[in-house]
Peer 1: 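Before anything else, here's the structure in question.
What's counted below: heavy atoms across the whole structure, side chains too, no hydrogens, waters or symmetry copies.
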Amino acid sequence: MSRLFGTDGVRGLANGLLTAELAMQLAQAAAVVLGHDRNTTGNRPRAVVARDPRASGEFIAAAVEAGLSSSGIDVYDAGVLPTPAAAYLVADLDADFGVMISASHNPAPDNGIKFFARGGQKLPDEVEDAIEQQMSKEPTRPVGAEVGRIQRFSDAEDRYVVHLLGTLPHRLDGLKVVLDCAHGAASGCSPQVFKDAGADVVVIGADPDGHNINDGVGSTHLGQLKAAVLEHGADLGVAHDGDADRCLAVDHEGNEVDGDQIMAILAVALKDSGKLIDDVLVATVMSNLGLKIALREAGISIRETAVGDRYVLEGMRDGGYNLGGEQSGHVIFSDYATTGDGVLTGLQLAAQIALTGKTLKELAAVMTKLPQVLINVKGVDRSRVGSSDVLQQAVAVAEAGLGDTGRVLLRPSGTEPVVRVMVEAGDEATAQSIAERLAQVVRTELALELVTE
């Protein structure tokens, strides 16, 4: 039987894979593993539950809260809030655990359930496995006064907004900011916190109707944000995804500023203020080589991890570092958050513009992005990527030709049946040529064998 938990909780088509019955089972199992088994206070365990504005989130939240309360957990229903807000509130309330109902940047018909342990920490694989195993056992069924209660967490958003404002090194007075909230979980709190910080705010993508989340807006669709920044003469644009755990930006000329560039700006700023621990940034192997070159020149080193924000978090925790992230816009400030926070990232980026008096374009110039070509090769045996001598030799030849001016990365996807071929080089044509050549080697060497009678 395949593992229920994926790279970021349990995710799938709402009422398809993710039914109300499954949501209740997951909640009942989590009540034992994250609640009763870990609670040492002598009081009834408590959990924070939040969701993004998908229509299906309503019935899934109801099922989760029913499963928790019927298992003897007191539930604090925080309503529609970003994923990082849920994580923060678990710690702020000193709750035993939290539940976030969201499918992030996925389309509206999908949904997901992820859990946070005490302190707002993401769960390691072994704890997720323990929850899956608990699902096959009889749930805890207290009666009478031992049944959990459900109450509205009425000041949840206010607590989160006050927390974010407290992280700012400089107010945003005088800045005009366009916010694209992806018709998602940040539609209420992101405009509020930017206004409270002093910015002149123009808002798009902040009218969720339960079905329009991520639909042509947000961090996966930057066209409307670029147009709005130019139309309003804004200093920058900030784009969130559906659950607001990531942030991409647009400068005053409409140029995209990706996660690597954002990390470069913030890493240099933290180093200059003496706040970057050990002068280290944690990033994944997919980050652009230009990031490593720029930070090396600034006296900052990079610790690389596998792809995925959970691996970035592990790398940060293992080394005690306080800044990390991904090219996709997941940026983690461990001084203020336990997970990627798109609203926090946008605020910190805007604060650097206000603090330095430079444009976002000028700040982003700290890093020169090398041309990057990514080819997804389908229909091949991804399990043999590391064992094919012919493939390793082809990679070695390509790397020798590039020298210090580029790099090659071949890896099997963790979520799709493809092999990803990524090449960076000094110019687009060279990167494209090498990537296509390596992709053909992958197709030939890792071709699936046909079964014949």
Peer 1: Please evaluate residues Phe115 and Glu128 with respect to the criterion side chain to side chain contact (heavy atoms under 4.5 Å, CB included), reporting the C-alpha separation (whole Å), side-chain torsions for both, the decisive distance (0.1 Å), and the verdict.
Peer 2: CA-CA 9 Å; Phe115 296 95; Glu128 291 178 340; over 6 Å; no
Peer 1: Nearest 0.5 Å, what's the CE-CD distance between Met24 and Glu65?
Peer 2: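 Here the interatomic distance stands at 11.0 Å.
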Peer 1: Has Arg317 got more than 12 heavy atoms of other residues, nucleotides or ligands less than 6.0 Å from its CZ?
Peer 2: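 Yes - once you tally the heavy atoms of other residues, nucleotides and ligands closer than 6.0 Å, there are more than 12.
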Peer 1: Is there a side chain to side chain contact (heavy atoms under 4.5 Å, CB included) between Leu289 and Gln372? Walk through the geometry before answering.
Peer 2: CA-CA 9 Å; Leu289 180 59; Gln372 186 181 83; over 6 Å; no
Peer 1: Would you please say whether a donor-acceptor pair under 3.5 Å links the side chains of Ser219 and Asp241?
Peer 2: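 Distance-only check fails for Ser219 and Asp241.
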Peer 1: Measure the shortest side-chain to side-chain distance between His183 and Asp207 over non-hydrogen atoms and say whether it is less than 4.5 angstrom.
Peer 2: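 Touching, per the 4.5 Å side-chain cut-off.
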Peer 1: Is Phe333 close to Thr345 at the side-chain level, that is, under 4.5 Å between some pair of heavy atoms?
Peer 2: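 Side chain of Thr345 against side chain of Phe333, heavy atoms only: contact under 4.5 Å found.
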Peer 1: Looking only at side chains, do His36 and Thr140 share a donor and an acceptor under 3.5 Å apart?
Peer 2: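 There is no such pair between these side chains.
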Peer 1: Ignoring hydrogens, what is the shortest heavy-atom contact between Val33 and Ala130? Give both atom names and the distance.
Peer 2: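 In terms of heavy atoms, the two residues are closest at CG2-O, 3.8 Å.
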Peer 1: Looking at Asp94 and Arg46, is any side-chain nitrogen of the basic one under 4.0 Å from a carboxylate oxygen of the acidic one?
Peer 2: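 A salt bridge is absent here (no side-chain N lies under 4.0 Å from a carboxylate O).
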Peer 1: Do Arg11 and Asn106 touch side chain to side chain, with heavy atoms closer than 4.5 Å?
Peer 2: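 Yes, close enough: below the 4.5 Å cut-off.
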Peer 1: Going by side chain to side chain contact (heavy atoms under 4.5 Å, CB included), Leu291 matches just one of Asp258, Ile302, Thr368, Leu370. Which one?
Peer 2: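 Looking at Asp258, Ile302, Thr368, Leu370, the match for Leu291 under the side chain to side chain contact (heavy atoms under 4.5 Å, CB included) is Ile302.
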Peer 1: Examine distances only and state if a side-chain atom of Asp180 and a backbone atom of Leu225 form a donor-acceptor pair shorter than 3.5 Å.
Peer 2: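 No, the answer is negative, given that no donor and acceptor are paired below the 3.5 Å cut-off.
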Peer 1: I want to check something: taking the side chain as every heavy atom from C-beta on, are Leu295 and Val268 in contact at a cut-off of under 4.5 Å?
Peer 2: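 In short, these two side chains touch, coming nearer than 4.5 Å.
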Peer 1: Please confirm whether the backbone N or O of Asp196 pairs with a side-chain atom of Arg171, one donor and one acceptor, at under 3.5 Å?
Peer 2: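 Yes, the answer is positive, given that a donor and an acceptor are paired below the 3.5 Å cut-off.
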Peer 1: Could you tell me if the side chain of Pro139 sits less than 4.5 Å from the side chain of Gln25, heavy atoms only?
Peer 2: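 Gln25 vs Pro139: side chains apart.
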Peer 1: Between Arg407 and Lys292, is there a side-chain heavy-atom distance shorter than 4.5 Å?
Peer 2: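 The answer is no, as the side chains (C-beta and beyond) never meet within the 4.5 Å cut-off.
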Peer 1: Just so I know, are the side chains of His252 and Asp235 near enough to count as touching, which here means a heavy-atom distance under 4.5 Å?
Peer 2: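 Of all side-chain heavy-atom pairs linking Asp235 with His252, none is under 4.5 Å.
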Peer 1: Could you go through Thr338 and Val90, starting from their C-alpha distance and side-chain angles, then the distance that decides it, and tell me whether this counts as side chain to side chain contact (heavy atoms under 4.5 Å, CB included)?
Peer 2: CA-CA 10 Å; Thr338 57; Val90 171; over 6 Å; no
Peer 1: So do Leu89 and Phe116 actually touch side chain to side chain, heavy atoms under 4.5 Å?
Peer 2: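 Answer no - side chains too far apart.
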Peer 1: Are the side chain of Asn376 and the backbone N or O of Arg420 linked by a donor-acceptor pair below 3.5 Å?
Peer 2: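 No: the side chain of Asn376 does not pair with the backbone of Arg420.
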Peer 1: Charged N to carboxylate O below 4.0 Å: is that the case for Lys114 and Asp8?
Peer 2: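 Here Lys114 pairs with Asp8 in a salt bridge, since their nearest N and O are under 4.0 Å apart.
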Peer 1: What I want to find out is whether Lys122 reaches Asp309 closely enough, with some N-O distance under 4.0 Å, to be called a salt bridge.
Peer 2: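 A salt bridge links Lys122 with Asp309.
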Peer 1: Donor-acceptor pair, distance only, cut-off 3.5 Å: does the side chain of Ser190 make one with the backbone of Ser187?
Peer 2: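 Checked: no pair found.
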Peer 1: Starting from the C-alpha separation in whole Å, work towards a yes-or-no answer on side chain to side chain contact (heavy atoms under 4.5 Å, CB included) for Leu236 and Val257.
Peer 2: CA-CA 10 Å; Leu236 78 156; Val257 178; over 6 Å; no
Peer 1: If you look at every heavy atom in Gly67 and Ser71, which pair is closest and at what distance?
Peer 2: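 Closest heavy-atom pair between Gly67 and Ser71: O-OG, 2.8 Å.
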Peer 1: Give the minimum heavy-atom separation between Ala78 and Arg152, together with the two atoms involved.
Peer 2: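 Closest approach of Ala78 to Arg152: C-NH1, 3.0 Å.
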Peer 1: Can a donor-acceptor pair be found between the side chains of Thr83 and Asp245 at a distance below 3.5 Å?
Peer 2: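 No pair is found: no donor N or O on one side chain lies under 3.5 Å from an acceptor on the other.
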Peer 1: For the CG atom of Leu349 and the CD1 atom of Ile262, what is their distance to the nearest 0.5 Å?
Peer 2: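 Here the rounded value is 5.5 Å.
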Peer 1: Check this for me: does any side-chain nitrogen of one of Arg3 and Asp129 sit under 4.0 Å from a carboxylate oxygen of the other?
Peer 2: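 Counted as a salt bridge, because a side-chain N and a carboxylate O are separated by less than 4.0 Å.
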Peer 1: Do the side chain of Glu326 and the main chain of Thr284 share a donor and acceptor less than 3.5 angstrom apart?
Peer 2: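 No; judged by distance alone, with no hydrogens or angles, the pair does not exist.
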Peer 1: Search all heavy atoms of Met263 against all heavy atoms of Ala283 and return the closest pair with its distance.
Peer 2: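 For Met263 versus Ala283, the nearest heavy atoms are CE-CB, 4.3 Å.
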Peer 1: What's the shortest heavy-atom distance between Tyr321 and Gly315, and which atoms?
Peer 2: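 Minimum heavy-atom separation between Tyr321 and Gly315: CD1-O, 3.8 Å.
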Peer 1: Parallel under 30°, tilted from 30 to 60°, perpendicular over 60°: which one fits the rings of Tyr160 and Tyr88?
Peer 2: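 Tyr160 vs Tyr88 ring planes: tilted.
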Peer 1: Hey, does the side chain of His232 reach the backbone of Val201 with a donor-acceptor pair shorter than 3.5 angstrom?
Peer 2: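 No, because the side chain of His232 does not come within donor-acceptor range (under 3.5 Å) of the backbone of Val201.
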Peer 1: We want to know whether Glu314 and Thr305 form a side-chain donor-acceptor pair, criterion being a heavy-atom distance below 3.5 angstrom.
Peer 2: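 Per modelled atom types, Glu314 and Thr305 side chains form no pair under 3.5 Å.
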Peer 1: Do Asn322 side-chain atoms and Ile277 backbone N/O form a donor-acceptor pair below 3.5 Å?
Peer 2: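 Yes; at least one donor-acceptor contact below 3.5 Å.
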Peer 1: Write down the atom of Ala337, the atom of Leu344, and the distance for their closest heavy-atom approach.
Peer 2: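 Minimum heavy-atom contact is CB-CD2, 4.1 Å.
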Peer 1: Mind checking the CG-SG spacing from Leu81 to Cys189? Nearest 0.5 Å is all I need.
Peer 2: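 Answer rounded to 0.5 Å: 6.0 Å.
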Peer 1: How long is the gap from OG on Ser70 to CD on Gln28, to the nearest 0.5 Å?
Peer 2: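 Interatomic distance, Ser70 OG to Gln28 CD, rounded to 0.5 Å: 5.0 Å.
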Peer 1: Enter the distance from Thr339:OG1 to Arg246:CZ here, rounded to the nearest 0.5 Å.
Peer 2: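 Answer for the OG1-CZ pair, Thr339 versus Arg246, is 11.5 Å.
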Peer 1: Would you compute the distance between atom CD of Gln261 and atom CG of Leu363 and round it to the nearest 0.5 angstrom?
Peer 2: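 Here the rounded value is 11.0 Å.
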Peer 1: Hey, is the main chain of Gly72 close enough, under 3.5 Å, to the side chain of Arg44 for a donor-acceptor pair?
Peer 2: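 It does not hold such a pair.
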Peer 1: Any donor and acceptor pair, going by atom type alone, linking the side chain of Asn214 with main-chain N or O of Gly242 inside 3.5 Å?
Peer 2: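 Yes, because the side chain of Asn214 sits within donor-acceptor range (under 3.5 Å) of the backbone of Gly242.
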